[in-house]
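In what follows, every chain begins at residue 1, and chains take the letters A, B, ... in the order their sequences are listed.
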Protein chains: 2
Amino acid sequence: MRHPSEAPPSRGEFAATPRRSRPVRVAEAIKDWVVEKGLKPGDRLPGEAELIARFGMAKGTIREAMRILQAQGLVTTKTGPGGGSFVGEVSADRARALLGNYFFFKQVSIDDIYQLRIALEPELAASLAGRLTEEQLGALEAILELYAAPAADATEERDQHVASLRFHATLARFGSNALLAFFVDFMAGILTDLTVYQRLYAEPNLELWRQGRSHQIALIDALRRGDAEAARAIMHEHMTLARRLMEDQEAVVMKRFMQD
Amino acid sequence: MRHPSEAPPSRGEFAATPRRSRPVRVAEAIKDWVVEKGLKPGDRLPGEAELIARFGMAKGTIREAMRILQAQGLVTTKTGPGGGSFVGEVSADRARALLGNYFFFKQVSIDDIYQLRIALEPELAASLAGRLTEEQLGALEAILELYAAPAADATEERDQHVASLRFHATLARFGSNALLAFFVDFMAGILTDLTVYQRLYAEPNLELWRQGRSHQIALIDALRRGDAEAARAIMHEHMTLARRLMEDQEAVVMKRFMQD
DNA sequence: TGGAGCAATTTATCATGATCGATTCAAGGG
DNA sequence: CCCTTGAATCGATCATGATAAATTGCTCCA
């Protein structure tokens, strides 16, 4: 950039704040630009070459800036003709992974998770009563079929618990409150990871299976009837039961990066 | 969600799966390496030069990988002697910003936020009853002093609301449940941004000021006394009041990137 | 003549390596 | 005590080539 080809047209904002590195500043400039222009997911961003010209910076710098935006899930980029960078909606999976990183070094106990589930899941259930299509109710019932019979061994038990958590995650995704849906889904995700990677729920537990399943059957019924208060009460009991049965388990903490 | 079927196969070396770009693969390798070694925040990572040698890749590739990890808040990097890259704990601010990106294109109404606040904040208040030091209680009371008198104009009104939200954010940070604390803090952050950037709470509202303040005073008292149920009830009433007064406001949605 | 398949071209991003600049800390000299 | 100097390390640039994918266009057979 110390060359005659230097072209600093729209760099007035940068010169003032050399505090952060250039790629970071470029990334933020692009973010602001997207907001300003009101671009939507799928819209094209300028290509590498144009950005290089626009910012008057080297290719590597621009590429690092795009990596930042990619890592945050804000843009996706394709190679080839017609390729380039595009505005991308942050996926729920990526958001969960990024948030999971935050909790990596924090101490989060099973009981912490259940304190939240008890507060949130009944609210979610109540808000969905009478608002689900038959197709959606059918999807929930299909998940229930995955553990129609008690588990025979530890492996089967684990799979059933993952399926059971998918029941809650699915319910969450049906919700119209994106915030509530995400939080519930996030916690189901944590528990799924713990189940799969940390051998949580290692012991088959007939009592949890029987009562949990009957709760979920009753819940679907209440949702179909549109009985919000019943749905809330059932979910509350369901969560309270699960928490009680979890008390035996060790207070495992999060100790792994959730993958994108 | 991740299922056992898509568990990482033989990702021992990179050449096997060129599905994702090299920088991404390097970043994940470093993540895994950190987990494997059980490194803690502040621990040193290999320098650029060593990573170049270790992975046999070009400097730019390594740098892009580090940018990815920096964007996720997982590493920080310093120049100069003794510099290099270090494992970094993801800050709450960054986590809020990253999660905020997820909701950027989602429709989130004020009512959605309050549905969650009503469910969570009382729970937080109850869990903190009798668990705060006098210093912490003093910090809360200090915030209260910032709006001891009703606001005179719109600007003052806005500042008072930001301070009021900081009351909730501060309370959240005192909590021992990191999950609950983050969620409450996150929503206070959203409302703060809406207040500052979108002229929410534009009209001085004497009723909200009077009742809100008396609620918070009563809440501090209950917290000091260690009366969990009273704290829960007061916070619930406080949130319900706020939601009711919010119903007049338009159902503004999130439309801006929260800054890092 | 038509068109299905395949290879060459085109247009992007992706990756490399050499080189120079900027920043930081710490040790010595005024 | 300041403050210059120097070494270590990341930061940025440039030129060049590699790789990937959509398009073009050509061949060849029915």
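One atom, CD of A/Glu50, and another, P of C/dT11, lie 16 Å apart when rounded to the nearest Å. Separating the CD atom of A/Glu48 from the C1' atom of C/dA12 is a distance of 8 Å, rounded to the nearest angstrom. Atom C1' of nucleotide C/dT24 and atom NZ of B/Lys78 are separated by 9 Å, given to the nearest angstrom. Atom CE in B/Met66 sits about 8 Å away from atom P in D/dC10, given to the nearest Å.
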Exercise for the section: Using a 4.0 Å cut-off on protein heavy atoms (strictly under), produce a 5'-to-3' string for nucleotides 15-20 of chain C with B for base contact, S for backbone-only sugar-phosphate contact, and - for none. Expected result: BB----
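For B/Arg63, the salt bridge (Lys or Arg N to Asp or Glu O under 4.0 Å) partners are A/Glu64, B/Glu48, not counting sequence neighbours.
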Dump every N/O contact between nucleotides 5-8 of chain C and the protein below 3.5 Å, one line per pair.
none

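Distance alone, capped at 3.5 Å, places no donor-acceptor pair between the B/Asp112 side chain and the A/Asn177 backbone. At least one donor-acceptor pair closer than 3.5 Å links the side chain of B/Thr170 to the backbone N or O of B/Arg166. A donor-acceptor pair under 3.5 Å is absent between the side-chain atoms of A/Ser164 and the main chain of A/Gln160, judged by distance alone.
Using the six-membered ring where Trp is involved, A/Phe182 and B/Tyr102 have ring planes that are tilted, between 30° and 60° apart. Relative orientation of the A/Phe183 and B/Phe186 rings is perpendicular, given thresholds of 30° and 60° on the angle between their planes.
Ion pairing of B/Arg96 with B/Asp93 is present here, as a side-chain N (NZ or NE/NH1/NH2) and a carboxylate O approach within less than 4.0 Å.
Other residues, nucleotides and ligands contribute at most 12 non-hydrogen atoms within 6.0 Å of the CZ atom of A/Arg131.
The side chain of B/Pro81 lies closest to D/dA7, out of D/dA7, C/dT10, C/dC14.
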